[in-house]
Protein chains: 2
Amino acid sequence: MFHLNISKSTLQRLPLYLNYLKSVRDKYVNISATIIADALKLNDVQVRKDLASVSSSGKPKVGYVTEDLIKELEDFLGYNTVNNAIIVGAGKLGKALMGYSGFKEYGLNILMAFDSDPKVIDEAERIMPIEKLPEFCRKMNIKIGIITVPAQNAQEVCDLLVESGVLAIWNFAPVHLRVPEDILVQNENMAAALAVLSNHLAEKLK
Amino acid sequence: MFHLNISKSTLQRLPLYLNYLKSVRDKYVNISATIIADALKLNDVQVRKDLASVSSSGKPKVGYVTEDLIKELEDFLGYNTVNNAIIVGAGKLGKALMGYSGFKEYGLNILMAFDSDPKVIDEAERIMPIEKLPEFCRKMNIKIGIITVPAQNAQEVCDLLVESGVLAIWNFAPVHLRVPEDILVQNENMAAALAVLSNHLAEKLK
DNA sequence: TAGATTGTTAATCGATTAACAATC
DNA sequence: TAGATTGTTAATCGATTAACAATC
């Protein structure tokens, strides 16, 4: 497994390839970048370059062995490695993410949620008071934090996570978070997505 | 309100500006692109260009009137226009999105969810059988569809939405959807986000 | 008037795509 | 061998950033 110099845009396409490959694994023993590109409506050189950063098992004329490529993508994407994570913010979105079993498939295991509101604390439901976050993170060696608090509290929660040893943050609050250089923030900005949708409709319907 | 030639990257930054402006509306009567750029760690020319595509009320030396700019951004982003939408896929994610009240703020009003599994249908909970989708969409003039079904069913659901008059699709399934040219697909690809997080950790911890 | 800030034109950068050489 | 496919080098494209002119 080598993880060098891979662009974010490439990285974000890899799960798409993996998903496509899984859907056709019974159909193709071997598969080419050309076929994948066709199916996903992408440029074939782009697919070839993306795959080259994950695998070097492609053979001219033959392409890739589908099962091998699936395995290489899964390994590369860490789907076979469990990453423990916590959520901060046990509102509707936080609870939904915690209850969503689909993340297991991607190697993400959400252990616990934290909230500052005493009324929502419920250790049986795996919701703990935020005061216990630092100790929990250190003890369980948590490296991924998920932020689902309102925008105005997101920065302080972010600071707390960084202090507690978290290295990567998945941020659902529509704010820019300031973090030290070596910490990654991945924004899941639903407001941004909605902006694109709404703008398209305004265009279409005007 | 003019919606011409605005790039997707600009569009996705606008909600960030709006959110920041709301957080400082009591502090600054006037605000400049420079201050916004500083706060959000963006390039000031970028912010200036982005704002120019939404507003022309900026004055040299003074900047923008904060409240006016907030209003202009909200109008542009359609936050003051209600867009009715439906969800297809009443699993955990679908239910969570339907229960999430936060979208109201962005002008998104989720009216109903649809599912093909008779066991989850519950009209009191606003979950209807998928067979009723086309009629509902036409009657209610639904233009936005949200897809939260498993990957393998996403394309057929997408086709059904397009047939039923939907113009913009918010896709939570990790697949590429084929749509006619004038239909917009906005992918909310959590698998892609997780790929970026996981790759960062693999880099850091190796 | 001076200078902070806007808005524009030009340069740079990174990602995508096209052209081509290598090879099973 | 012929040609489909890989992988690489060069060209293009779009977005970001830098330099600058306009102005309240």
Side-chain angles (χ1 to χ4, degrees), chain A residues 2 4-14 16-17 20-21 24 27-66 68-70 72-73 76 176 187 189 192 195-196 199, chain B residues 2 4-14 16-17 20-21 24 27-66 68-70 72-73 76 176 187 189 192 195-196 199:
Chain A
F2 53 107
L4 231 47
N5 296 341
I6 185 164
S7 83
K8 202 169 166 176
S9 11
T10 292
L11 211 37
Q12 299 192 100
R13 281 189 295 267
L14 296 182
L16 235 51
Y17 302 154
Y20 172 71
L21 290 172
V24 296
K27 195 169 153 200
Y28 300 117
V29 174
N30 291 288
I31 197 149
S32 71
T34 321
I35 293 179
I36 300 176
D38 263 20
L40 303 180
K41 295 256 185 186
L42 296 172
N43 181 284
D44 63 323
V45 179
Q46 186 172 66
V47 175
R48 215 166 282 127
K49 274 195 173 172
D50 287 347
L51 293 182
S53 61
V54 173
S55 168
S56 47
S57 66
K59 300 270 176 295
K61 193 168 176 181
V62 190
Y64 294 82
V65 176
T66 312
D68 291 357
L69 191 53
I70 289 176
E72 286 172 305
L73 278 165
F76 189 92
H176 173 89
N187 292 303
N189 196 337
V196 177
N199 184 259
Chain B
F2 52 106
L4 231 47
N5 296 341
I6 185 165
S7 83
K8 201 168 168 177
S9 14
T10 292
L11 210 39
Q12 298 192 99
R13 281 189 294 270
L14 297 181
L16 236 50
Y17 302 154
Y20 171 72
L21 290 172
V24 296
K27 195 168 151 201
Y28 300 116
V29 173
N30 291 289
I31 197 148
S32 71
T34 321
I35 295 179
I36 298 176
D38 264 20
L40 303 181
K41 296 258 185 181
L42 295 172
N43 181 283
D44 64 321
V45 180
Q46 187 172 64
V47 175
R48 213 165 283 127
K49 272 194 174 173
D50 288 347
L51 293 182
S53 61
V54 174
S55 167
S56 46
S57 66
K59 298 269 176 297
K61 195 170 175 182
V62 190
Y64 292 82
V65 176
T66 311
D68 291 357
L69 190 53
I70 288 176
E72 284 171 306
L73 278 166
F76 189 92
H176 172 89
N187 292 302
N189 195 338
V196 177
N199 184 259

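Every chain is numbered from 1, with letters handed out A, B, ... down the list of sequences. Computation of the quantities below employed the complete heavy-atom set of this structure, encompassing side-chain atoms and omitting hydrogens, waters and symmetry-equivalent molecules.
The distance from atom CG of A:Asp38 to atom P of D:dA4 is 14 Å, rounded to the nearest whole Å. D:dT16 atom P lies 13 Å from atom NZ of B:Lys8, rounded to whole Å. We find that CD of B:Gln12 is positioned 10 Å from P of D:dT16, with the value rounded to whole Å. Note: CD1 (B:Ile31) to C1' (C:dA4) measures 15 Å, nearest angstrom. Between B:Tyr28 atom OH and C:dT5 atom C1' there is a gap of 15 Å when expressed in whole angstrom units. At whole-Å resolution of the value, CG in A:Asp44 and P in C:dA18 are 9 Å apart. Taking atom CG of B:Leu11 as the reference point, atom P of D:dA15 lies 12 Å away to the nearest angstrom.
Scanning all heavy atoms of the two residues, the minimum distance from B:Val196 to A:Gln12 falls at CG2-CG, 3.7 Å.
The side chain of B:Pro60 has C:dT5 as its nearest neighbour among C:dT5, D:dT5, D:dA15. Residue A:Asn43 places its side chain closer to C:dA18 than to any other of C:dA18, D:dC24, C:dT5. Of the candidates D:dA15, D:dT6, C:dT16, the closest approach to any side-chain atom of B:Ser9 belongs to D:dA15. Of the candidate nucleotides C:dT17, D:dA15, D:dT6, C:dT17 has the atom nearest to the side chain of A:Gln46.
C:dG7 is paired with D:dC20 under the criterion used here, namely a Watson-Crick or G-U wobble arrangement in which both key atom distances are under 3.5 Å. Judged by Watson-Crick or G-U wobble contacts below 3.5 Å, the nucleotide D:dC13 has C:dG14 as its partner.
An OP1 or OP2 oxygen of C:dT6 is reached within less than 4.0 angstrom by a side-chain nitrogen or oxygen of B:Arg48. Within the 4.0 Å cut-off from OP1 or OP2 of D:dA4, not a single side-chain nitrogen or oxygen of A:Tyr64 is found. Between A:Arg13 and the phosphate of C:dT16, there is a side-chain N or O to OP1/OP2 separation shorter than 4.0 Å.
Ranked by how close their nearest DNA chain D nucleotide is to the 5' end, B:Lys61 and A:Ala33 are led by A:Ala33. Nearest-nucleotide assignment on DNA chain C puts the 5′-proximal partner with B:Val45, out of B:Val45 and A:Asp50.
The shortest side-chain heavy-atom distance between B:Phe76 and B:Leu11 falls under the 4.5 Å cut-off. Looking at heavy atoms from C-beta onward, B:Leu14 lies in side-chain contact with B:Ile6 at the 4.5 angstrom threshold. Counting only heavy atoms from C-beta outward, the side chains of B:Ile31 and B:Tyr17 never approach each other to under 4.5 Å. Proximity of B:Leu51 to B:Ile36: side-chain heavy atoms (C-beta onward) are separated by under 4.5 Å at one or more points.
At a cut-off of 3.5 angstrom, counting only N and O atoms as typed in the model, there is no donor on one side facing an acceptor on the other between the side-chain of B:Lys49 and the base of C:dT6.
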